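In what follows, a structure is listed as structure tokens, so that the remarks can point back to it.
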Amino acid sequence: MEKSINQRYVLTEPILPMLSGMLYSGKDLPLRRDVVFFVVESTDEAAKEAYIRKLREVAPLSDNRFLHILDVGMEPNYIFAVLKTFDGKPFIQELKGHRFTPEEAVSKVLELGKGLMDALEEGISGCSVHAANLWLNDDGQLKIINYWEKGTHTQRGAQGLGCLLYQILTRSESIPVSFDTMEHRLREALAAIPHAEQDLLISTLRRVWNDQETLASFMLVLQGLRQDTAVRQDVSMPVWDRQVREKTEPESAYEEEEPVEEEEEAPPRRSLGRTGRKLLVGTAIACLGGAAAFVWLGKHQEEPSGKGTSPAQTEHHAPVQPPHHTYDIPAGPEVANDPNQKQAEDEIVIVPNLIGLQNDTAGKQAMAAGLHFEFAIEVNDREEGTVFKQEPAAHTQVPKGTEIKYWVSKGKQQ
């Protein structure tokens, strides 16, 4: 098809149907350049005027993680926005066949998150980061197509980015209605990494799903993961990358030799500066860097020695809710002679977020992270049996085996 607009633009062919309109390829005749058109059909003059105002409000945004708006206009039956085009195609068309490694997926989600935070300073918020609203450059960079309309709760902000990470890791176009379903599919996609590391990664995404992480705090976690990955490019990562690919790519992908990644994605112009200040990256990296290595790199992939006591055994011998408790995971026989003991003591782990959890669940989370714990029961407005405070704070970097403390509510004072 070819359709002329204002004797300046020509729409050539449809690219992708979107929620409120259609994406077309086309040309800007006077400037002799390729462009992309976002076209919304409407004959309601008031609705078209309102939509044009919305487009003009966001048009000044020049962040290169968004497709820039070059022009807007109205025709009798539709509204159009002229967008700057790039080599590549809609990401949804490449989702099932992409070759991003898990750390590359984290990096791309992080960059989009920085773009969202910079856009907030321009008064732009709530746009969808679902894979269907993203453009994939030939150099691997993701860009948001429509940023003037609001996405649903699971498509925007921290939860939207968490769902996007799920989409990239599992190559799934749809988002399940429950996190339990998401967890099952994530574990299938990440089956090559140890269970302990799967648990820590998935628990972060669960907190995002439950709105227990803000956009800024989620960005801190991702920033720590990416920073640590850049520093620690040891032999374990390529092995892990290859294992994950074997679990997630179609069999036909292995018939040909995998291409070598040519170069890293060029960083966006505004990836530092304002976003860096907002995230307090310097402080966050110091806090999360070591923990991210444990979560992401799979550096120590052997199973634990098995000489510790299981959570069930520990609970069996624990006293029944006195005002103050201390739980330690007792050492099994011959631990003193275990050559792996010093290595375990030197491991750095991340303190899980226990606030809002029930007492027994909080204890299990602490032990799963390799920590000892104690808790106290105090009067608090929270529901009885719920954790309302903890020390050290969630996401803090500590040596494995550190004792943490949390406080459990016994309800309001009568």
Side-chain angles (χ1 to χ4, degrees), residues 106 110 113 158 162 194 196-232 276-300 304 308 311 314 324-329 342-376 378 380 382 386-409:
V106 166
L110 172 63
E197 298 181 10
Q198 290 181 36
D199 290 342
L200 290 173
L201 174 60
I202 291 171
S203 67
T204 299
L205 291 177
R206 182 180 288 277
R207 290 195 302 274
V208 170
W209 178 265
N210 291 328
D211 293 325
Q212 294 175 326
E213 297 279 358
T214 64
L215 176 59
S217 66
F218 188 38
M219 290 301 94
L220 287 175
V221 175
L222 297 183
Q223 178 75 37
L225 290 173
R226 188 174 76 165
Q227 180 75 11
D228 199 79
T229 300
V231 172
R232 292 171 171 248
R277 290 194 295 273
K278 286 183 296 212
L279 296 182
L280 301 177
V281 170
T283 303
I285 297 307
C287 209
L288 293 170
F294 177 76
V295 174
W296 199 251
L297 295 180
K299 184 175 178 61
H300 304 292
T314 303
H324 188 84
H325 302 262
T326 300
Y327 285 0
D328 285 333
I329 304 175
K342 183 65 170 65
Q343 176 181 340
E345 292 175 350
D346 291 341
E347 287 182 6
I348 299 299
V349 298
I350 186 169
V351 176
N353 183 13
L354 306 180
I355 294 175
L357 300 179
Q358 291 296 305
N359 186 13
D360 58 345
T361 303
K364 292 176 182 177
Q365 288 274 8
M367 288 189 291
L371 302 169
H372 303 309
F373 68 92
E374 62 175 289
F375 68 88
E378 295 182 1
N380 189 266
R382 280 199 181 246
T386 303
V387 178
F388 65 89
K389 186 172 73 170
Q390 71 178 79
E391 291 180 0
H395 312 309
T396 301
Q397 168 192 347
V398 297
K400 186 174 182 179
T402 296
E403 181 175 272
I404 66 173
K405 182 176 181 179
Y406 61 85
W407 283 259
V408 179
S409 172

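All values derive from a computational prediction rather than experimental measurement.
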*Just by distance, do the side chain of Gln390 and the backbone of Leu354 share a donor-acceptor pair under 3.5 Å?*
yes
*asked:* Tell me every residue that passes side chain to side chain contact (heavy atoms under 4.5 Å, CB included) with Ala366, counting only those two or more places apart in sequence or in another chain.
replied: Phe373, Ile404
*asked:* Which heavy atom of Ala369 sits nearest to which heavy atom of Ile350, and what is that distance?
replied: CB-O, 4.0 Å
*Do side-chain atoms of Asn380 reach the backbone of Arg382 as a donor and acceptor pair under 3.5 angstrom?*
yes
_Using the side chain to side chain donor-acceptor pair (under 3.5 Å) criterion, which residues pair with Trp209? Sequence neighbours excluded._
none
*With sequence neighbours excluded, what pairs up with Arg207 under the side chain to side chain donor-acceptor pair (under 3.5 Å) test?*
Thr204, Glu213
*Pairwise side-chain contact, Asn359 with Phe375, heavy-atom cut-off 4.5 Å (strictly under)*: yes
*Any idea which heavy atoms bring Ser217 and Thr214 closest together, and the distance?*
OG-N, 2.9 Å
_Return the OH to CD distance between Tyr406 and Glu374, rounded to the nearest 0.5 Å._
10.0 Å
*Who passes side chain to side chain donor-acceptor pair (under 3.5 Å) against Gln358, sequence neighbours left out?*
Thr386
*For the atom pair CG (Leu110) and CD (Gln223), what is the distance rounded to the nearest 0.5 Å?*
5.0 Å
_I need the His372 NE2 to Met367 CE distance, nearest 0.5 Å._
10.5 Å
_Separation of Asn353 CG from Gln212 CD (nearest 0.5 Å)_ = 6.0 Å
*Min side-chain heavy-atom separation Trp407-Glu391 under 4.5 Å*: yes
*Before giving the answer on side chain to side chain contact (heavy atoms under 4.5 Å, CB included), spell out for Leu371 and Val349 the whole-Å C-alpha distance, their side-chain angles and the decisive distance to 0.1 Å.*
CA-CA 8 Å; Leu371 302 169; Val349 298; 3.7 Å; yes
*asked:* The criterion is salt bridge (Lys or Arg N to Asp or Glu O under 4.0 Å); which residues satisfy it with Arg206, sequence neighbours excluded?
replied: Asp180, Glu183
